[in-house]
Number of protein chains: 2
Amino acid sequence: MQLTSRGRYAVSAMVDLAKHQNEGPITLSSISERQFISLSYLEQLFRKLRENNLVESVRGPGGGYLLAVEPKDITISHIMSAVNETIQTTMCKTDETGCHRGSRCGTHNLWSALGLHIKFFLETVTIQNVCDDKDFLNTLKAVEKTLSKQ
Amino acid sequence: MQLTSRGRYAVSAMVDLAKHQNEGPITLSSISERQFISLSYLEQLFRKLRENNLVESVRGPGGGYLLAVEPKDITISHIMSAVNETIQTTMCKTDETGCHRGSRCGTHNLWSALGLHIKFFLETVTIQNVCDDKDFLNTLKAVEKTLSKQ
DNA sequence: GTTATACCCGACTCTTTTAGTCAAGTTTAA
DNA sequence: TTAAACTTGACTAAAAGAGTCGGGTATAAC
Ligand code: FES
Ligand code: FES
């Protein structure tokens with residue numbers, strides 16, 4: 001199980017955008033160079049980011065992309081969902097092909113809890129945090145401290 | 001990104017085994033029926049579980065598998081590693097094909113923290129917990145409470 | 001000692017997902 | 001008019017995953 005590059009690239013690009021926020025529209029080719037992501041691939045990703053209202057585009061020469069929302073209000077979860085990078089931990093369907101043929105399997109609550117655990121992290125960290133490169137590490141420490149006390 | 005069935009099946013099977021612990025060696029075909037997992041696939045998984053000393057096998061008629069360790073000492077993480085179901089959140093390599101061509105990218109700490117976050121959960125929950133079907137949910141609540149206080 | 005049970009093992013195929021490309025547009029500042 | 005830069009749909013190739021197959025070997029029961 002591996003975080004796909006779709007999700008990682010999208011976040012990298014959004015962070016790059018946030019860091020150059022005050023420089024006007026940022027071209028994909030400049031992001032491409034800085035983040036080592038192919039231009040075509042970025043175009044694909046930004047289509048989805050725009051459709052999800054996370055970025056705004058400016059066409060024509062001098063154009064590029066701008067954040068449509070403030071960095072502190074964009075969570076990693078927003079970005080991941082936008083590019084269809086969902087983290088699916090359960091495999092239950094209601095039909096005959098599901099986990100336990102319709103009913104809940106003995107591990108359902110485990111995977112469901114894992115899913116929530118991950119979701120919580122992704123919804124807590126914003127790209128502002130990533131730019132600052134510290135808050136989510138503190139978050140993590142607090143979590144571990146709590147758990148180890150049990 | 002999706003939890004693979006390799007990992008989910010392995011955990012399901014181990015939990016099944018734990019629940020029938022006191023019945024002597026458990027055959028794979030009985031697990032196969034209860035958990036809706038093909039026998040061949042189970043054999044593949046149990047090979048790895050045995051190589052990692054999580055289960056013991058008894059050959060011949062009346063044979064089957066037994067837990068090699070107590071349920072309270074087997075974490076989800078143990079099982080997942082045994083069947084090569086690692087959750088990889090970073091993509092850094094040291095060579096020229098890595099994330100940022102050798103150096104750290106701006107999102108490295110984020111993914112690294114996510115990886116630790118998941119790892120912590122998987123190392124905290126045991127199959128005993130899953131059998132009881134409650135402890136890891138409490139764990140989760142404690143985490144969320146801590147985080148929401150920040 | 002034959003037989004049936006059930007574990008053991010390597011290799012293989014099929015399917016799905018992901019990564020990345022390509023070839024065509026359209027808008028607009030200079 | 002031109003060139004920069006976004007827009008779009010479709011396409012291909014590579015990787016990972018799921019699951020199968022055909023052979024084994026050990027051993028309890030008869
Ligand atoms: S994971 Fe939901 S029923 Fe098995
Ligand atoms: S994830 Fe480690 S360098 Fe990018």
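Residue numbers begin at 1 in each chain, while the letters A, B, ... track the order of the sequences.
Put simply, chain A comes within 4.0 Å of DNA chain C, heavy atom to any atom, from C/dT18 to C/dA29, going 5' to 3'.
Sequence neighbours left out, the pairs with a member in residues 111-123 of chain B that pass salt bridge (Lys or Arg N to Asp or Glu O under 4.0 Å) are B/K119-B/E123. For residues 58-68 of chain B, there are no salt bridge (Lys or Arg N to Asp or Glu O under 4.0 Å) pairs, not counting sequence neighbours. Residue pairs meeting the salt bridge (Lys or Arg N to Asp or Glu O under 4.0 Å) criterion with at least one partner in residues 10-21 of chain A, sequence neighbours excluded, are A/D16-A/R34. Judged as a ring-ring contact (aromatic ring centres under 6.0 Å, His included), the pairs with a partner in residues 65-93 of chain B (not counting sequence neighbours) are, in order, B/F46-B/Y65.
Taking every heavy atom of residues 73-84 of chain B and every atom of DNA chain C, no pair lies under 4.0 Å. The stretch residues 52-67 of chain A touches DNA chain C through A/R59, A/G60, A/P61, each having a heavy atom within less than 4.0 Å of the strand.
One N or O on the side chain of B/T89 and one on the backbone of B/W111 form a donor-acceptor pair closer than 3.5 Å. Not a single donor-acceptor pair under 3.5 Å links the side chain of B/H20 to the backbone N or O of B/I31.
A heavy-atom distance below 4.5 Å is found between the side chains of B/I76 and B/V11.
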*Could you encode protein contacts along nucleotides 14-22 of chain D as a string, one character per nucleotide from 5' to 3', using B for base contact, S for sugar-phosphate-only contact and - for no contact, with a heavy-atom cut-off of under 4.0 Å?*
---SSBB--
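Residue contacts for B/I26: at a heavy-atom cut-off of 4.0 Å it reaches the sugar-phosphate backbone alone, with no base atom in range.
When the side chain to side chain contact (heavy atoms under 4.5 Å, CB included) test is applied to B/Q2, the partners found at least two apart in sequence or on another chain are A/Q88, A/M91. With sequence neighbours excluded, the residues forming a salt bridge (charged side-chain N to carboxylate O under 4.0 Å, His left out) with B/R6 are B/E85, listed by chain and number. For the salt bridge (charged side-chain N to carboxylate O under 4.0 Å, His left out) test, no residue two or more places apart in sequence or in another chain qualifies with B/E43. Annotation: side chain to side chain contact (heavy atoms under 4.5 Å, CB included) contacts of A/D73 (sequence neighbours excluded): A/V69, A/E70.
Taken together through direct or relayed side-chain contacts under 4.5 Å among Ile, Leu, Val, Met, Phe, Trp and Tyr, A/V55 and A/V58 form parts of separate hydrophobic clusters.
Donor-acceptor pairing under 3.5 Å is recorded for the side chains of A/N129 and A/T126.
Phosphate proximity of D/dT7 to A/R50: present, with a side-chain N or O under 4.0 Å from OP1 or OP2.
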